[in-house]
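Worksheet: one structure, shown below.
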Amino acid sequence: MSTAVSTTLLAYLPSPDRGVWYLGPIPLRAYALCIIAGIVVAVYWGERRFVACGGEPGTVVDVAVFAVPFGLVGGRLYHVATDWPTYFGPGGNPLDALKIWQGGLGIWGAIALGAVGAWIGCRRRGVPLPFFADAVAPGILVAQAIGRLGNYFNQELYGGPTALPWGLEIYHRVDPATGLSDPLGGVALDPTPIAIVHPTFLYELIWNLLVAVFIVWADRRFRLGHGRVFALYVAGYTLGRFFIELMRTDPATRVFGDIRINVVVSALVFLGAVAYILIVRKPREELAPADDQQAGTDSAAADDDRPVSDGARDRTP
């Protein structure tokens, strides 16, 4: 095999040379931009699905006002709780726990506390939470996939060494001003990789998109309802996350000896989601379109305003 062919085969995936750009004194962080883009996609697609099922336009945006902040806080709390030595252990800085822009959002906390925010928003709009959850589930998966691009720019959440053609090159980033190591905010001045690793963030990104397509198909094919689309999302996501988590080599809290905590959580949540799908057998909910609801309200009001006949008055108890 010629040298040229060998070089082509070993042309691994390069990492970005940085994850932060500056607009004057303002830092533009790729991780934050990916999170924002994911939220926009999730709200937009969720709104379209919600309205297509008979929901009132604007409801998803209104509920997102509660769900998104709750989800971000929950995601950060879970990350800090399961990786507390980084912030509160020897050499850690507790204030770094507040620096959400540096990465670190646990999906389990985001979903759990985000569901609380969604419940508040749904209560205010008079929408059943399971109906809302089914509408937004595929969009959440796509949002998670977009968010994984932020991990790519941060050079994080990758796996062990590999010689596969899609191996990811990891570079040493430094602060250009001082030359000191700065993995998140620094720049890779030397294009020589310090490691070739499994891009587990990319595996999860692709898996999330495949699961999103699958649950949309399943929803149309079987007319799922009462939270079963959301449960299918949870089951599909955790199935992939279980195996992808086993490939990761970044520091993580270990339980039951030497098992990553997210492996255990993925297994438990998967079983819970599957149980929900098997147990819940109610027919799919259907909300009347907003125009029909308004028409019905107007019709009822017109009936109330109609003069009552003498005979009707006579029959009134």
Side-chain angles (χ1 to χ4, degrees), residues 32 34-81 100 104-148 208 211-212 215-216 218-219 224-238 241 265-266 268-270 272-277 279-280 282 284-290 293:
C34 289
I35 294 297
I36 293 170
I39 291 171
V40 171
V41 170
V43 171
Y44 174 76
W45 194 10
E47 176 78 6
R48 288 178 61 88
R49 282 176 51 85
F50 186 82
V51 173
C53 292
E56 184 178 353
T59 299
V60 173
V61 175
D62 290 345
V63 175
V65 171
F66 296 92
V68 171
F70 273 70
L72 291 175
V73 172
R76 188 59 176 180
L77 287 175
Y78 180 89
H79 166 74
V80 173
I100 193 172
L105 290 174
I107 184 61
W108 319 116
I111 293 297
L113 209 53
V116 174
W119 175 78
I120 294 172
C122 286
R123 290 268 297 181
R124 292 172 62 90
R125 292 301 302 261
V127 176
L129 179 60
F131 180 88
F132 177 86
D134 285 343
V136 300
I140 293 176
L141 268 168
V142 175
Q144 290 177 231
I146 296 173
R148 284 307 181 207
N208 287 348
V211 175
I215 65 175
V216 168
D219 187 27
L224 303 173
H226 286 279
R228 281 175 291 176
V229 178
F230 190 85
L232 192 60
Y233 141 61
V234 173
Y237 171 72
T238 52
R241 179 66 183 268
V265 175
S266 293
L268 293 176
V269 175
F270 171 79
V274 171
Y276 184 91
I277 295 170
I279 293 171
V280 175
K282 295 180 181 179
R284 181 172 181 169
E285 313 99 321
E286 292 291 347
L287 296 186
Q293 293 176 8

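The basis for the numbers below is simple: all heavy atoms, side chains too, and nothing from hydrogens, waters or symmetry mates. The shown structure was predicted, so the numbers you read here are calculated from the model rather than taken from an experiment. Heads up: numbering here begins at 1 and tracks the sequence.
At a threshold of 4.5 Å between non-hydrogen side-chain atoms, the residues V51 and E47 count as touching. Residues W45 and V216 meet the side-chain proximity criterion, which asks for heavy atoms closer than 4.5 Å. Side-chain contact between V41 and I146: present, with at least one pair of heavy atoms (C-beta onward) separated by less than 4.5 Å. V229 places a side-chain heavy atom less than 4.5 Å from the side chain of R49. Side-chain contact between V234 and Y276 is absent, with no heavy-atom pair separated by less than 4.5 Å. Looking only at side-chain heavy atoms (C-beta outward), F270 and Y237 stay at 4.5 Å or farther from each other. I215 places a side-chain heavy atom less than 4.5 Å from the side chain of L141. The side-chain heavy atoms of L105 and I35, taken from C-beta on, include a pair separated by under 4.5 Å.
In plain terms, the two heavy atoms of N208 and Q144 that are nearest each other are ND2-CB, 3.6 Å. For the pair A115 and L129, the tightest heavy-atom approach, listed with the atom from each and the gap, is O-CD2, 4.4 Å. Here the closest heavy-atom approach between residue Y78 and residue G106 is recorded as CD2-CA, 3.7 Å. Taking every heavy atom of both residues into account, G121 and F66 meet most closely at CA-CD1, 3.8 Å. Residue A212 comes nearest to P138 through the heavy atom pair CB-O, 4.1 Å, listed as atom of the first residue, atom of the second, then distance. In terms of heavy atoms, S266 sits closest to T238 at O-CB, 3.5 Å.
In this structure, the side chain of R76 engages the main chain of G104 through a donor-acceptor pair within 3.5 Å. In this structure, the side chain of R125 does not engage the main chain of V60 through any donor-acceptor pair within 3.5 Å.
Using a cutoff of 4.0 Å between basic side-chain nitrogens and carboxylate oxygens, D134 and R284 are not scored as salt-bridged.
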Practice task
Take I111 and I140 through the side-chain contact (heavy atoms from CB on, under 4.5 Å) test and state the conclusion after the steps.
Solution key: CA-CA 10 Å; I111 293 297; I140 293 176; 4.3 Å; yes

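Ring geometry for F230 versus Y233: interplanar angle over 60°, hence perpendicular rather than tilted (30 to 60°).
The distance from the CG atom of L232 to the CG atom of D219 is 9.0 Å, given to the nearest 0.5 Å.
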